[in-house]
*Asks:* 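Here it is, the structure in full.
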Protein chains: 4
Amino acid sequence: MTTFGGVSGAHLKQFIERVERLEEDKANLANDIREVFAEAKANGFDTKIMRQVLKIRKMDHQERSEQEEILTLYLHALGMVPQENFSEKTENEVA
Amino acid sequence: MTTFGGVSGAHLKQFIERVERLEEDKANLANDIREVFAEAKANGFDTKIMRQVLKIRKMDHQERSEQEEILTLYLHALGMVPQENFSEKTENEVA
Amino acid sequence: MTTFGGVSGAHLKQFIERVERLEEDKANLANDIREVFAEAKANGFDTKIMRQVLKIRKMDHQERSEQEEILTLYLHALGMVPQENFSEKTENEVA
Amino acid sequence: MTTFGGVSGAHLKQFIERVERLEEDKANLANDIREVFAEAKANGFDTKIMRQVLKIRKMDHQERSEQEEILTLYLHALGMVPQENFSEKTENEVA
DNA sequence: AACGTTGAAATAGTTC
DNA sequence: GAACTATTTCAACGTT
């Protein structure tokens, strides 16, 4: 295997090509998304408003995640280990 | 189906959720790419150089596309209709 | 000088107006460019082709910059400090 | 002068180069603007708010009253009491 | 003149 | 927290 300054060209090439394949997939998905917007527009929806809706829904999810994160911090601060399934497991007690 | 001001909520919801699913897939791919870089880095590769290599390879591809695009434009400008398969079909003549 | 909450209104105003002046110049240049295209069109040139030519020329320049950039990265990666004047100094050797 | 299909290469080249020069100037101005923002930032100003201010000043005639409310909010956020005439009167002091 | 397409600008996110 | 990169957004251009 060819190496330059301790660097393997073949190995590097593999990483490069893996990234390129993933980025191609990613670009295809971006296209798919664009097509959904186009279809929605053809059905009379306002894409600008749709994007706003998506943004708000995303923030809701993030907010929920953040709140869960904060809850975890609080529980840790209280010496309580957060449970995986809060509702199902009730037999665990904090010492 | 519920409508508000002539807008179908159910229909809109479907578009929104399709986009959200696609964006989730896209985000996952972005994660995969990040992981590849992390793995490469753990193997001693310089990610900055990797990104530069990727950039140049991408530009090469784009440049090729642009060259083909302008060839088409030139042919049109010269009154020649570009052929689907330039090399295979030779029976078409330009007036 | 009037300040509010440690913020100088007059100072802010100066920055705002400097930006506005520069943006005005920029808008004027955009107009000039539009006029050149209009003039070229009036002389029978296809603006689409012109834009494509400009695009390719721009990519060429960028590609050259990217090439130089990655050369620098490679040299650094190999422990070689890139020289200011690549062509003039050839007496430096890498151990 | 060389012509292809009635197209003058030299003439075209002149148009192309005029556009390139103008675009270079435009790019330089964009850089200057970026530098002004950087300088303002280094002086403790919030560039995001500055951009908002610029946007609102640009709108001027249209939807002025609506935007003034937002401007008021931003200025308040800065701890500044909004002025009646921002640009013309600089001698006014806030009690 | 509205539409889609494309290029530039701004913002958000990531890395060091 | 500063710089760089990626994504998103905005505006202009050509097209129908």
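Quick note: numbers below take in every heavy atom, side chains included, and nothing from hydrogens, waters or symmetry partners. Each chain gets a letter, A, B and so on, in the order its sequence line appears, and its residues count up from 1.
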*Asks:* Does A:Lys55 place a side-chain N or O at less than 4.0 Å from the phosphate oxygens OP1/OP2 of F:dT9?
*Replies:*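 Looking at the OP1 and OP2 atoms of F:dT9, one of them is under 4.0 Å from a side-chain N or O of A:Lys55.
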*Asks:* How many whole angstroms separate atom CD1 of B:Ile56 from atom P of F:dT5?
*Replies:*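 Nearest whole value for this atom pair: 13 Å.
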*Asks:* Rounding to a whole Å, what distance do you find between C:Glu69:CD and F:dC4:C1'?
*Replies:*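 Checked: the CD to C1' distance equals 11 Å.
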*Asks:* Check this one for me: any side-chain N or O of C:Thr47 less than 4.0 Å away from OP1 or OP2 of F:dC13?
*Replies:*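 For F:dC13, neither OP1 nor OP2 has a side-chain N or O of C:Thr47 closer than 4.0 Å.
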*Asks:* Under 4.0 Å, heavy atoms only, any strand: does C:Lys58 hit a base, just the sugar-phosphate, or nothing?
*Replies:*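 Sugar-phosphate, no base atom in range.
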*Asks:* Using a 4.0 Å heavy-atom cut-off across all strands, classify C:Lys26 as base, sugar-phosphate, or nothing.
*Replies:*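 Sugar-phosphate: the residue C:Lys26, judged by heavy atoms under 4.0 Å, touches backbone atoms but no base.
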*Asks:* Expressed in angstrom and rounded to an integer, what is the separation of C:Ile49 atom CD1 from F:dT15 atom P?
*Replies:*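 Atom CD1 in C:Ile49 sits about 11 Å away from atom P in F:dT15.
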*Asks:* Which heavy atom in B:Val36 sits nearest to a heavy atom in A:Phe15, and how many Å separate them?
*Replies:*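 What the structure gives for the nearest pair is CG1-CD2, 3.8 Å.
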*Asks:* Can you see which heavy atom on B:Ile16 is nearest to which on A:Met50, and at what distance?
*Replies:*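 Shortest heavy-atom separation between B:Ile16 and A:Met50 comes out as CD1-O, 4.0 Å.
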*Asks:* Quickly work out the B:Met50 CE to E:dT14 P distance and round it to whole Å.
*Replies:*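 From B:Met50 CE to E:dT14 P: 18 Å.
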*Asks:* Starting at the 5' end of DNA chain E and moving along, which residue's nearest nucleotide shows up first, D:Phe37 or C:Gln52?
*Replies:*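 Residue closer to the 5' terminus by nearest nucleotide: C:Gln52.
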*Asks:* Mapping D:Lys41 and C:Ala30 onto DNA chain F by nearest heavy atom, which one lands closer to the 5' end?
*Replies:*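 Checking each residue's closest nucleotide, the 5'-ward one belongs to D:Lys41.
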*Asks:* I want to confirm an ordering. Mapping A:Lys48 and C:Lys48 to their closest nucleotides on DNA chain F, which one lands closer to the 5' end?
*Replies:*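 Counting from the 5' end, the first nearest nucleotide belongs to A:Lys48.
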*Asks:* Find the distance C:Leu54:CG to F:dA12:P and express it as a whole number of Å.
*Replies:*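 C:Leu54 atom CG is separated from F:dA12 atom P by 19 Å.
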*Asks:* Using every non-hydrogen atom in the two residues, find where C:Ile70 and B:Ile49 come nearest and quote the distance to one decimal.
*Replies:*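 C:Ile70 and B:Ile49 have their closest heavy atoms at CD1-O, 4.2 Å.
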*Asks:* Does OP1 or OP2 of F:dA6 have a side-chain N or O of B:Arg51 closer than 4.0 Å?
*Replies:*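 For F:dA6, OP1/OP2 do have a side-chain N/O of B:Arg51 under 4.0 Å.
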*Asks:* Less than 4.0 angstrom from a charged side-chain N to a carboxylate O is my criterion; do C:Glu39 and D:Arg18 meet it?
*Replies:*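 Judged by the 4.0 Å cut-off on N to carboxylate O distance, C:Glu39 and D:Arg18 do form a salt bridge.
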*Asks:* Quick test of your reading of the model: are B:Glu23 and A:Lys58 salt-bridged, counting only N-O distances below 4.0 Å?
*Replies:*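 Salt bridge flag = no for A:Lys58 with B:Glu23.
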*Asks:* Separation of B:Ile33 atom CD1 from E:dT14 atom P, in whole Å?
*Replies:*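 Those two atoms, CD1 and P, are 13 Å apart.
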*Asks:* Grab the CZ-P distance between B:Arg34 and E:dA12 for me, whole Å please.
*Replies:*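 So the two atoms are 17 Å apart, to the nearest Å.
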*Asks:* Just how far, in rounded Å, is P of F:dA12 from CD of C:Glu35?
*Replies:*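 Taking atom P of F:dA12 as the reference, CD of C:Glu35 is at 15 Å.
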